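The structure displayed is predicted, hence computed values, not measured ones.
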Amino acid sequence: MNHRTRLDWMFLWCCLLRYSYLRLEKICLKAALKAVPGFGWAMQVACFVFIQRSWEDDKKHMGNMLDYFCDIREPLQLLLFPEGTDLTENTRAKSDVFAAQNNLPKFEYVLHPRSTGFTFIVDRLRKGDNLDAVHDITVAYPKNIPQTERHLILGHFPREIHFHVRRYPVASLPSSSSDLESWCRDRWAEKEIRLRDFYSGQPRGFDREGVARVPPCKTELRVTLIKAASLLYWSSFIALCFTGLWLWSPFRLYCLVMVGVFTAQQKLIGGLEMLELACHRYWKSMAATVGEKSKVLEEKMQ
C-alpha cells in the first residue's frame, strides 16, 4: 500500500473489517515502535515484523520471520509499505533526488518504492508455499488528510477514506527478482496516475459513481455489532484499569511488574516475537533430532 499518512495502517482496519479478517493482519514496520508501552507490546505479541530500515540488518531477521510464518501454516496477511515512510514535503524531496539520480520520473502523489524488501518477501513466501496473492492497495483522502497522530488527538478524523484494491494471484507474478522489482515500480507508476486522476476529478473518487465494486463479505449489521462490542470492551477496559490503578494496590503492583517484564525482555531478548521465534526453532530442532533417532532405531531393528 502507498503510505500517504502515518495512520494509513490503522485506517486500513476499517476496510479489513468489512472485506477480510483483522486477526490475520501483521504489519512490517520500524523497530522503534515495538518499545511504545501498550501498543508496541501488543504488536510484539501479535508477531509483527519489525525492521531497522537497513537491509543489511533486516534481511536475516525478515527471512527468519517469514520462514516461521511458512512453518506454522497460519493464514497470513502481511501489510507492507514499500515507500518506507509517509508522504511529506521532506520525503517527497528525497524521493525526487533519488529519481534524478536514477533517471526516473518525479512523483507528486507517491514516493518511489524500495523494491528490495518487497521482492525478498514475495520470493520467500513463494518458496515456502505460503503466498496466495499480492493485493495492490491505493489509499486516498478526498476531503481532509490527518497526517499524524496529533490530528486524531485534536479530533481531525478523515471524513472519507477511499481504497482502490487490485488482486494479483501468485501465478501472475514475475518469477525472477529483477522482473519483480520492475513489476513493483510499475505498480507505483500506476498509483501516481490513479491518484492524480483521483485528486483532479470531481467528485473525488476512484469510481466517479461512488459505488463499491466489491460487495463486503460481512453485513453492515455484523460490522456495527463488532464496532459496538469493541467500543464497549475497550471503554470498559480503560475505565477498569484506571479504577484499579487508583483504588487497588495489588493491581498497581501487577502493572509495575508487567512494565518491568516487558522492558527487561526487550532489552535481553529483543521482543516477545523474538522469544516466540526462538521457541519455535528449539522445538523444531528437537523434533528433527527425535525424528533422526527414530529413523536410526528403525534401521537397526531391520
Side-chain angles (χ1 to χ4, degrees), residues 3 5-13 16-17 21-54 56-72 74-81 84-86 117 121 148-150 152-153 226 229-286:
H3 208 350
T5 78
R6 284 169 52 172
L7 306 166
D8 299 319
W9 58 273
M10 186 169 62
F11 298 140
L12 181 64
W13 290 352
L16 294 179
L17 182 62
Y21 298 94
L22 283 175
R23 64 180 176 82
L24 301 180
E25 187 195 25
K26 301 184 188 299
I27 306 175
C28 190
L29 69 174
K30 57 184 180 181
L33 293 174
K34 72 161 64 178
V36 177
F39 296 105
W41 301 341
M43 290 188 287
Q44 291 180 36
V45 173
C47 216
F48 282 19
V49 181
F50 295 98
I51 57 175
Q52 303 291 339
R53 294 199 288 191
S54 170
E56 292 182 358
D57 299 325
D58 294 330
K59 183 177 181 179
K60 182 179 179 180
H61 171 64
M62 188 177 290
N64 290 335
M65 293 296 294
L66 294 173
D67 289 344
Y68 171 55
F69 295 146
C70 293
D71 283 346
I72 63 176
E74 179 75 12
L76 171 68
Q77 289 178 171
L78 182 60
L79 174 60
L80 179 68
F81 296 101
T85 187
D86 57 310
I121 290 173
T148 67
E149 295 81 358
R150 177 175 174 272
L152 297 192
I153 294 174
I226 293 173
S230 300
L231 181 62
L232 178 62
Y233 172 82
W234 286 108
S235 298
S236 302
F237 178 80
I238 294 171
L240 290 173
C241 283
F242 277 105
T243 302
L245 288 171
W246 181 261
L247 299 176
W248 198 26
S249 57
F251 187 78
R252 290 196 292 271
L253 178 61
Y254 169 79
C255 290
L256 185 62
V257 170
M258 287 297 101
V259 170
V261 168
F262 272 96
T263 303
Q265 62 83 23
Q266 187 172 330
K267 291 289 185 182
L268 296 173
I269 306 172
L272 282 178
E273 81 284 2
M274 301 301 293
L275 178 61
E276 182 176 341
L277 187 60
C279 290
H280 172 72
R281 283 178 176 172
Y282 173 77
W283 289 113
K284 185 178 180 180
S285 64
M286 288 292 292

Practice item. Please collect all side-chain hydrogen bond (donor to acceptor under 3.5 Å, both in side chains) contacts where either partner lies in residues 249-262, sequence neighbours excluded, each pair once. Key: none
Practice item. Verify, without hydrogens or angle tests, whether Asp86 (side chain) and His3 (backbone) share a donor-acceptor contact under 3.5 angstrom. Key: no
Check your understanding: How many angstroms lie between atom SG of Cys70 and atom CG of Leu76, to the nearest 0.5 angstrom?
Key -> 8.0 Å
With a cut-off of 3.5 Å and sequence neighbours excluded, list every side-chain donor-acceptor pair involving residues 256-267.
| unit_1 | atom_1 | unit_2 | atom_2 | d |
| --- | --- | --- | --- | --- |
| Thr263 | OG1 | Val259 | O | 2.7 |
| Gln265 | OE1 | Leu272 | N | 3.2 |
| Gln265 | NE2 | Gln44 | OE1 | 2.9 |
| Gln265 | NE2 | Phe262 | O | 3.0 |
| Gln266 | OE1 | Gln44 | NE2 | 3.2 |

**Study point:** Distance-minimising heavy-atom pair for Phe251 and Gly244
**Key:** CD2-C, 3.5 Å
Review point. Who passes side-chain hydrogen bond (donor to acceptor under 3.5 Å, both in side chains) against Thr148, sequence neighbours left out?
Key: His151
**Study point:** For Asp67, side-chain contact (heavy atoms from CB on, under 4.5 Å) partners two or more places apart
**Key:** Arg124
Acceptor/donor pairs from residues 229-239 side chains to any protein atom, 3.5 angstrom cut, sequence neighbours excluded:
| unit_1 | atom_1 | unit_2 | atom_2 | d |
| --- | --- | --- | --- | --- |
| Ser230 | OG | Ile226 | O | 2.8 |
| Ser235 | OG | Leu231 | O | 2.7 |
| Ser236 | OG | Leu232 | O | 2.8 |

Check your understanding: Taking atom CG of Leu33 and atom CZ of Phe50, what is their separation to the nearest 0.5 Å?
Key -> 7.0 Å
Review point. Can you name the closest pair of heavy atoms from Glu149 and Leu7 and give their distance?
Key: CG-CD2, 3.9 Å
Review point. Can you list the residues that meet the side-chain contact (heavy atoms from CB on, under 4.5 Å) rule with His61, with sequence neighbours excluded?
Key: Met65, Met274
Check your understanding: Sequence neighbours excluded, which residues qualify as side-chain hydrogen bond (donor to acceptor under 3.5 Å, both in side chains) partners of Lys59?
Key -> none
Practice item. Identify, with sequence neighbours excluded, every residue that meets salt bridge (charged side-chain N to carboxylate O under 4.0 Å, His left out) alongside Glu74. Key: none
Study note, to complete from the structure: By side-chain hydrogen bond (donor to acceptor under 3.5 Å, both in side chains), Asp71 pairs with (sequence neighbours left out) His280, Lys284
Review point. How would you list, by chain and number, every residue that makes a ring pair (Phe, Tyr, Trp, His ring centres under 6.0 Å) with Phe48, sequence neighbours excluded?
Key: none
Review point. How long is the gap from CD on Glu276 to CD1 on Ile72, to the nearest 0.5 Å?
Key: 6.5 Å
Check your understanding: Between Ile121 and Val49, is a side-chain contact (heavy atoms from CB on, under 4.5 Å) present by the stated rule, with each step listed?
Key -> CA-CA 11 Å; Ile121 290 173; Val49 181; over 6 Å; no
Review point. Restricting to pairs with a member in residues 31-41, which pass salt bridge (charged side-chain N to carboxylate O under 4.0 Å, His left out), not counting sequence neighbours?
Key: Lys34-Glu273
Expected list for residues 24-31: side-chain donor-acceptor pairs under 3.5 angstrom, two or more places apart:
| unit_1 | atom_1 | unit_2 | atom_2 | d |
| --- | --- | --- | --- | --- |
| Glu25 | OE1 | Trp13 | NE1 | 2.9 |
| Lys26 | NZ | Ala46 | O | 2.7 |

Study note, to complete from the structure: Scanning both residues in full, the closest heavy-atom pair of Ile269 with Leu275 reads CG2-N, 3.9 Å
Study note, to complete from the structure: Heavy atoms of Met10 and Leu152 approach each other most closely as CE-CD1, 3.3 Å
